[in-house]
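Notes for the one structure printed next.
Below, read A as the first sequence line, B as the second, and so on, with proteins coming before strands; counting in each chain starts at 1.
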2 protein chains.
Amino acid sequence: MLAPQRQAAILDRVRAAGGVRVSDLAAEFGVSDMTIRRDLEALADRGLLAKVHGGATSVQPGSTDEPGFAAKSIRQRSEKAAIAVRAAQLVTPGTAVALSAGTTTAELAQRLVDVPELTVVTNSIPVADVFYRAGRPDQTVVLTGGVRTPSDALVGPVAVAAIRSLHLDVLFLGVHGMSERAGFTTPNLMEADTNRALIAAAERLVVLADHTKWGTVGISSIAELSEAHVVVSDAALPPPARATLTEHVEELVIVP
Amino acid sequence: MLAPQRQAAILDRVRAAGGVRVSDLAAEFGVSDMTIRRDLEALADRGLLAKVHGGATSVQPGSTDEPGFAAKSIRQRSEKAAIAVRAAQLVTPGTAVALSAGTTTAELAQRLVDVPELTVVTNSIPVADVFYRAGRPDQTVVLTGGVRTPSDALVGPVAVAAIRSLHLDVLFLGVHGMSERAGFTTPNLMEADTNRALIAAAERLVVLADHTKWGTVGISSIAELSEAHVVVSDAALPPPARATLTEHVEELVIVP
DNA sequence: GCGGTAGTGTTCAAATCTGTTCACTTGCGT
DNA sequence: ACGCAAGTGAACAGATTTGAACACTACCGC
């Protein structure tokens, strides 16, 4: 077995089990402890796991801040952050806003903890956590109920029923794909249901989608392009996409 | 198991149950008391929990509580654990159970992750977390929505509405106080509403209450004593309390 | 108050893990 | 053929973790 293969396998083990032991890996791959240690050191240098006495553990997300998720997505994250900053400007103090589940909306949540008198409705546990940790007494956070998906969203009939009983001023929706034909889409059927309920409960719809989302089509449609009032995206969005979006939505906001 | 993994697991337990005992953890992880103490010390140094005589508690309540309260709650933990073990025996695989918020129900949750085909409804984020981390595909966990209280319970109209749409076989209810006159009580008005909704949605009501709860009266009544089908308590419950409870409820279960 | 029980921290030894150094093999290009 | 760089294994000294013993302390019931 080649070293890069072995390291990839180690990484899988760490991700799956949460932690590995040097001695176990050495026995399993039939190499010496030293070799495993060197593998772990290489992986730790790339920020893919954390070396500890006796082995290694997966890097725990959220413990400190955002320890390098993967080198390649750094740039995309800064675009998401920029989109979140711009979207935060669309929020008026004292209103009721909804945030769907997703990394971009989680980023937006961080920017909204300073908005006074805000009422926030979300089906994302991480998003609710952001506001809860801030602990502002003038803000109200409502978590919709439901069944938890692997991406920490709450979905299903309970979530939909909870959302139906509420009326929001504006929904910030993170999507997985958008195209002229399919509109806004997600790969998760249950999440699509929940998101449609959120759209129905909100006066206005703001979609947050970086340029990589254009042309991607998830299995399940959430809404037509024309249902969005505002789409916030980044400068790398190609001109044809801009033209199509401008045609369908009230306002297309591009962040630098 | 690696030391950092063990410490992370300890932290989870503390957050879920509000407190842990050294001896319990030592038995659970198969290490010596000293090792657990050193883990707790390391975590306490990082401000992640508070060490007390006999174990550790979540760092939250340290600011307002009089000294001694935390230690006392730790000492009662083994009683709560025994109550949880006994209550777990009342659960039939394949049924739909509800768990209210509270440290005792969190303890019970740990005992229920091994029950096959279980559907769990709860308004407690820590309880939902316990099942979510176990990640059993045959179990369904439904989190009711609502506004988050300082004790990580979800309450309010959204929670009540979500619960009303569901029908459960049995509810395990943790209470803060019980007495003949006031029945089962809690100090939190909003939680009382949610708990009443849970009672209405469930066929049977099992109340979990260690002996210290007898004679305590919270501001808000949840239910009459006679509304409970089963009460599970511990051996330190005084004879007069036993007599009164036996008179009102179908079954009084005392754990040794 | 006072004794008994349970919990705590210190100290020490054993076990285990770690990184460094050096030797060896293998594949590659000059 | 030769050098050489990368990868690996072995040995060893030093560091870390763990468990047990023991003297000390805190808490509870009486």
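Side chain to side chain, B:T35 and B:S32 meet the donor-acceptor criterion of an N or O pair below 3.5 Å.
Atom CG of B:L40 and atom P of C:dT8 are 8 Å apart (whole Å). Put simply, CZ on A:F29 is 13 Å from P on D:dG9, counting in whole angstrom units. Between B:Q76 atom CD and D:dC27 atom C1' there is a gap of 14 Å when expressed in whole angstrom units. Residue A:D33 contributes atom CG, which lies 13 Å from atom P of D:dA11 at whole-angstrom precision. Look at CG on A:L25: it is 11 Å from P on C:dT18, rounded to the nearest Å. The interatomic distance linking A:L2 (CG) with C:dC28 (P) rounds to 11 Å, in whole Å. Here the C1' atom of nucleotide D:dT18 and the CD atom of B:Q7 are 13 Å apart, to the nearest Å. In this structure, CD1 of B:I36 is placed 12 Å from C1' of D:dG19, rounded to the nearest angstrom.
Nearest heavy atom pair, residue B:F131 against residue B:L99, reads CE1-CD2, 4.5 Å. Closest of all the heavy-atom pairs between B:R13 and B:Q110 is NE-NE2, 3.1 Å.
Taking 4.0 angstrom as the limit, B:R21 places a side-chain polar atom (N or O) nearer than this to OP1 or OP2 of C:dG7. Distances shorter than 4.0 Å separate none of the side-chain N or O atoms of A:K51 from OP1 or OP2 on D:dT16. Phosphate contact (OP1/OP2 of C:dT16, side-chain N/O of A:R37, threshold under 4.0 Å): absent. Side-chain N/O atoms of A:T35 include none lying less than 4.0 angstrom from OP1 or OP2 on D:dT8.
Side chain B:R38 to base D:dG19: a donor-acceptor pair is found below 3.5 Å.
Between A:S23 and B:G55, the residue anchored closer to the 5' end of DNA chain C is B:G55, taking for each the nucleotide with the nearest heavy atom.
When the salt bridge (charged side-chain N to carboxylate O under 4.0 Å, His left out) test is applied to A:D129, the partners found at least two apart in sequence or on another chain are A:R133, B:R148.
When distances run from any side-chain atom of A:H53 to the nucleotides D:dT16, D:dC27, D:dT8, the shortest one goes to D:dT16. Considering only side-chain atoms of B:M34, the nucleotide from C:dT18, C:dG9, C:dG7 that sits closest is C:dG9.
Between the side chain of B:H229 and the backbone N or O of B:R204, no donor-acceptor pair lies under 3.5 Å.
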